[in-house]
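Here's the structure we're looking at; comments come further down.
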Amino acid sequence: AQSVTQLDSQVPVFEEAPVELRCNYSSSVSVYLFWYVQYPNQGLQLLLKYLSGSTLVKGINGFEAEFNKSQTSFHLRKPSVHISDTAEYFCAVRKSGGGADGLTFGKGTHLIIQP
Amino acid sequence: GAVVSQHPSWVICKSGTSVKIECRSLDFQATTMFWYRQFPKQSLMLMATSNEGSKATYEQGVEKDKFLINHASLTLSTLTVTSAHPEDSSFYICSARVYGLNTEAFFGQGTRLTVV
């Protein structure tokens, strides 16, 4: 089984400042890692994913994340945030490979952008 | 990107009645669909995994007789909440995995169920 810990339930940041949302995972097998964004009363949109290869992954909307196997982390970063980035962000994992496994989500981090 | 559509977006029903939620993959074939439940300000919890043409696999603690899942085609899965009660009120989200591409699943926009 896998588990995901998002250490910060809420992160307030000023507009145009950098931000990092932390994610740590636990798993006895190799995993794929994902970051999703959710706007109020909507589904989830994929920001980026790590499957294999380069540990620095670039996604949409200027976000990037770095996979650190030794620290079992997959922190999300953006160098300069915008008001429109205000949303809930979820880190998720699933067992690697082609099996029909669902995602295990962290509890989410609410990113609040202050003008 | 691939599109997953859920219907309805929100529904209010009376206690004791049943409600059906549809999840469709609009532009791809999905061998596997997933159903999640999200309580207010909480994370998504996987309820069940549905493979086309076979019975759904339910997560521990999820009542299969209460949450009926049907995945009759490669583009449609349904979740029926039977004999709904106020505690079933929640946000239900489906996701679908592209046939032959077993890495990424796409999410529907969710269904807000309120049982009164």
Revision key, fill the gap. The reported gap from NZ in A:K49 to OH in A:Y32 (rounded to nearest 0.5 angstrom) is 10.0 Å

Practice item. Answer with yes or no after comparing the ring centroid distance for B:Y36 and B:F91 against a 6.0 Å cut-off, counting only values under it. Key: no

Check your understanding: Centres of the A:Y89 and A:F63 rings: under 6.0 Å?
Key -> yes

Revision key, fill the gap. Apart from B:F39 itself, members of its ILVMFWY cluster (side-chain separation under 4.5 Å) are none

Check your understanding: Considering only heavy atoms, which portion of B:Q38 lies under 4.5 Å from any heavy atom of chain A: side chain, backbone, both, or neither?
Key -> side chain

Point to revise | Side-chain (A:T72) to main-chain (A:K69) donor-acceptor, under 3.5 angstrom | key: no

Check your understanding: Does the distance from a Lys or Arg side-chain N to an Asp or Glu carboxylate O, for A:E66 and A:R77, drop under 4.0 Å?
Key -> yes

Check your understanding: Where along residues 103-115 of chain A does a heavy atom come under 4.5 Å of chain B, listed by residue number?
Key -> A:L103, A:F105, A:G106, A:K107

Examine whether an atom of [X] lies under 4.5 Å from a heavy atom of chain B, and if so say whether it belongs to the side chain, the backbone or both; otherwise answer neither.
| X | answer |
| --- | --- |
| A:Y36 | side chain |
| A:L46 | side chain |
| A:Q45 | neither |

Review point. With respect to chain A, which residue among B:T111, B:T49, B:L44 yields the maximal number of heavy-atom pairs within a distance under 4.5 Å?
Key: B:L44

Practice item. Classify the angle between the aromatic ring planes of B:Y92 and B:F67 as parallel (below 30°), tilted (30 to 60°) or perpendicular (above 60°). Key: tilted

**Study point:** Other residues, nucleotides, ligands: >12 heavy atoms within 6.0 Å of B:H85 NE2
**Key:** yes

